[in-house]
Amino acid sequence: MPAMLPDRSLLVIVPAWNEEQSVGRVVLELLRVLPYATVLVVNDGSTDRTSAVAREAGARVLDLPVNLGVGGAMRAGYKYAFREGYARTVQHDADGQHDPEAIELLLKAMDQEDADIMIGARFAGVRGYAVRGPRRWTMRMLSLVLSRVAHTRLTDTTSGFKACNRSAIRLFSSNYPAEYLGDTVESIVIAARAGLKVRQVGVTMRVRSAGRPSHSPIKAGVFLLRAVLALAVALSRPTEPLPREVPQ
Amino acid sequence: MITGYAFALGLCAMLVVLLFVLLRTRRLREKYAGIWIIVSLGVVVLAIFPSWAFWLSRVARVNTPVNLLFGGSIAVLLLVCIHLSTELSSQEEKTRTLTEEIALLRLEVRGLRAEESFLTEPVSPGGAVPSTRDPSTPVEPAR
């Protein structure tokens, strides 16, 4: 069994792929807002100075030699959290979209509701985050289905902002999909199937420093198809039980 | 007619020899060669005894024997493709796991290096942080 850190130990996992512009600022702000936390930047095979910038800002950096995608980067992060004995993790974007101040809110809600996973759901209609048309319908469909799977009301299933406790870290360190939407939709299915308690709390998002949700109907259609496929595969997969607290 | 058979037989024999050579030089693993060896032997047999193809097509109720051959070969090729895709997926999963392990080990090495240099050179001028070498940069081997 890995040596456990104190109950309040927190690892903030920041997956980053070519984010040298924003990662330094994000790490500094995280360390300022949460001085007790460890910030782990998972450099997902970046070709720029992401790794060096994050290290200079005071983060621990996990350098993946090749690009694995968000799911791959996150599983590496959960493995680190599991082996180092962290009690809780928060997944936080490197592009400055998530607000570090909201992490306390997430953790408090997790304690109050005794949840294993707490998703930071973007408020509908918050500035900087507006989706319309087919993309919106797809997200509604995902929310409806996943709410039934998780036995709770989930409104934002594609949010990459979530907190996990030790049980969820244990599960995700061995089983975290690298598929499309695997890091959000399928991971919720896996967690709910393993008997973990998934809940959400509303958080505000910042305007993304780069990139906005696309409104192209073709892209929205592709998103719908891939989401349906991801959901169908995730729901039909056999349930994998929660592994015991033993390092492999 | 005879030359046609000879051509088909020669082709099949070449296939078998090629597979055997690849296996011998370890450029092809047995689990992938197996299906090809079976297929090429089957084709050799059919080339020697073409009447078997007619008998097979009668049993399978296919009017033209050659269509049975074509259909059968397409099915085999399809299965082989699917098999290769699953092998590729499992390779990707293994690569992913190894990539994670390498990253975790690199971080661990970096931590150990920092500790080591902290222990061996505790007094750095100006109280500067002991230098930690980036584990990703290659080391000159000691001569």
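Scope of the values below: all heavy atoms of this structure, side chains included, with no hydrogens, waters or symmetry mates. Only a predicted model underlies this, so the values are computations on that prediction, with no experimental measurement involved.
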Trainee: Heavy-atom distance under 4.5 Å to chain B: side chain of A:V61, backbone, both or neither?
Mentor: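 Just its backbone gets close to chain B.
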Trainee: Applying salt bridge (charged side-chain N to carboxylate O under 4.0 Å, His left out) to A:K79 and B:E108, what does each step give before you reach the verdict?
Mentor: CA-CA 13 Å; A:K79 270 197 178 144; B:E108 211 172 312; over 6 Å; no
Trainee: Hey, could you give me the CG/CZ distance between A:N43 and B:R106, rounded to the nearest 0.5 Å?
Mentor: 8.5 Å
Trainee: Does B:E101 come within less than 4.0 Å of A:R83, counting only side-chain N to carboxylate O?
Mentor: yes
Trainee: Is the shortest side-chain heavy-atom distance between A:R75 and B:T97 below 4.5 Å?
Mentor: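 Heavy-atom side-chain distance check passes, below 4.5 Å.
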Trainee: Evaluate the side-chain proximity of A:L62 to B:L104: yes if any heavy-atom separation is below 4.5 Å, no if none is.
Mentor: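 Result yes, sub-4.5 Å side-chain heavy-atom pair found.
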Trainee: So which part of A:A178 gets closer than 4.5 Å to some heavy atom of chain B, the side chain, the backbone, both or neither?
Mentor: both
Trainee: How long is the span from the OH atom in A:Y78 to the CD atom in B:E100, to the nearest 0.5 Å?
Mentor: 12.5 Å
Trainee: Heavy-atom count around B:I82 CD1 within 6.0 Å, excluding the residue itself: above 12?
Mentor: yes
Trainee: Can you establish whether the number of heavy atoms outside A:E179 located under 6.0 Å from its atom CD is more than 12?
Mentor: no
Trainee: Counting only non-hydrogen atoms closer than 4.5 Å, can you tell me which residues of residues 64-74 of chain A sit against chain B?
Mentor: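 Against chain B, the residues of residues 64-74 of chain A that fall inside the cut-off (heavy atoms, under 4.5 Å) are A:L64, A:P65, A:V66, A:L68, A:G71, A:G72.
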